[in-house]
Amino acid sequence: MKSDRAKKGLERMPNRALLYATGISSSVIAKPFIGIASSFTDLIPGHVGMRRLERFIERGIAAAGGVPFIFGIPGICDGIAMGHAGMKYSLASRELIADMVETICKAHQLDGLLCLTNCDKITPGMLMAAGRLNIPAIVVTAGPMISGNYNFERRSLVRDTFEAIGRFKSGKITKSELDTLELCACPAQGACQGLYTANSMACLTETLGMSLPGCATSLAGSAKKERIAYESGVKMLNLVRRNTLPRTIMTAKAFENAIKMDMALGGSTNTVLHLMAIAHETGVDLGLELFDKIARSIPHITSLRPGGEYFMEDLEYAGGIPAVMNRLRQVLNSVQTVSGKTINQIAAEAKIFNEDVIRSARNPYHKEGGIFILKGNLAPDGAVVKQSAITKTNVRFKGKARVFDSEEAAMNAIMGKKIKKGDCVVIRYEGPRGGPGMREMLSPTAAIAGLGLGEDVALITDGRFSGGTRGISVGHISPEAARGGPLAIVKDKDEIVIDLKRRSIDIKLSQNQISERFASWQEPEPKVKDGYLARYAKIVSSASEGAVFK
């Protein structure tokens, strides 16, 4: 066992003495040491219930013959960080999380790793660490939040807070209604109720084979989630004894499965960044082209918020991710999972309890997958759009650019009602380097939707979008403006065309005109000049490569 390096032999007597000081008994010193990387925090609703899950995980590990050790991993709530400078740290925290998990596991020579996680960048950060360390690992995601309720109508975070701001601004709801929604939109612990980034990543983690069947959608605070936490602890020891490693689970075929699931669900555009980053750590070559190829062949068969009307709780009651696997079983690769079962075995055993929540390929919500990769003279290296959150009437958009060099500047114009039908809002210098940190633009997109302009205004950026974004929203434009991408030379009133059928995004300028504008362009001064974000900006790669450190 790896832990023997830290505890076995005469020369390790001082090490053992310190281990005994933690309270463990000499009767368990020879057992496998299992680290529980817990991202419990009082700051994130998706994580406040983790203390109880830690207990069930510990019980499972101990019952199976291991010694559990909890260590803390920090987390950021994207919703609380949204719309201000705090969001610069969200994506950047993913690399810190991976580094911290690696550091603790290697410093203490742990035999196995159980990751207790839930929210947006924490789950991919932990998966990156698992792939990098390549020690037996399993993931428990803490589960979705239940829906809120007001006036006998189910409520969710994005539509009933972020978008409600725009509705209030335009006089569609009263101040009293706004105040009530603020209190009831998020009624309990858990990841926000729709297929936003946290729940998208939980679903893909289960599809990658790194969580037990049913883990992704089992609701936060439920007894089912606690049972899964316990069983994950038990399974952890099976993985250690058989030396089942993450790189034998997260193979190229497993990543193909995850992308297929992503397309079928219509998940967050952030999943493109995160899957590429996790693949990078596991040694799997994953390019944007594969996402586009799979999108053309996998139909979108669920309709979850923000683009649809169903909630994560509906997906859970309809059969969860195993039921979606059942729908996709003819196209999924039958690879191994941490449960000991193959994907095809899990799919075959699953039942579908609602034919509309999880539709068949013969009756999809969209004939193609939920995420498209666009290219053109405005995004030579690619851009990402959640086509499942766009109405069928908006497969082609042509509009005049309204250019802003920060999210704040764009938000001021939107809330000041300076954006009109037919405008294409351009938010640049918000990419991985330019931001730095590639902020999410949920506040601007939600305000546009709340003002009733969601069908008539596009928003494009080298930043990111929350999984809660809906409407004509194109993100991850690469190369980003700060790297001298074409977005840097866009001017007000330039004509921009977004064509989903052609998978294109273009500015109506000739190459000569673009070159002439670049002749006078100068890279702007960094927005942040000290601290972690300054270091991050120097070494982070393009969004088209997953925004990883190189």
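FYI, the numbering just counts along the sequence from 1.
Side-chain contact, K225 with S218: a donor N or O sits under 3.5 Å from an acceptor N or O. A side-chain N or O of S147 and one of E313 form a donor-acceptor pair less than 3.5 Å apart. For the residue pair H300/R359, the side-chain donor-acceptor check at 3.5 Å is not satisfied. For the residue pair R305 and S156, a side-chain donor N or O sits within less than 3.5 Å of a side-chain acceptor on the partner. Looking at E440 and N270, their side chains do bring a donor and an acceptor atom within 3.5 Å of each other. S200 and S268 share no side-chain donor-acceptor pair at under 3.5 Å. For H47 and S39, the side-chain atoms include at least one donor-acceptor pair closer than 3.5 Å. No side-chain donor from either of T207 and N257 sits under 3.5 Å from a side-chain acceptor of the other. Counting only N and O atoms by type, the side chains of T391 and E455 include a donor and acceptor under 3.5 Å apart. A donor and an acceptor atom, one from each side chain of D356 and Y310, are located under 3.5 Å apart. Looking only at atom types and distance, the side chain of T271 has a donor-acceptor partner in the side chain of D262 under 3.5 Å away.
Between M438 atom CE and M441 atom CE the span is 9.0 Å, to the nearest 0.5 Å.
In this structure, F549 has its ring center under 6.0 Å from that of Y536.
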Item to complete: Would you please test D499 and R396 for salt bridge (charged side-chain N to carboxylate O under 4.0 Å, His left out) and show each step?
Response: CA-CA 4 Å; D499 193 323; R396 190 176 190 275; 3.4 Å; yes
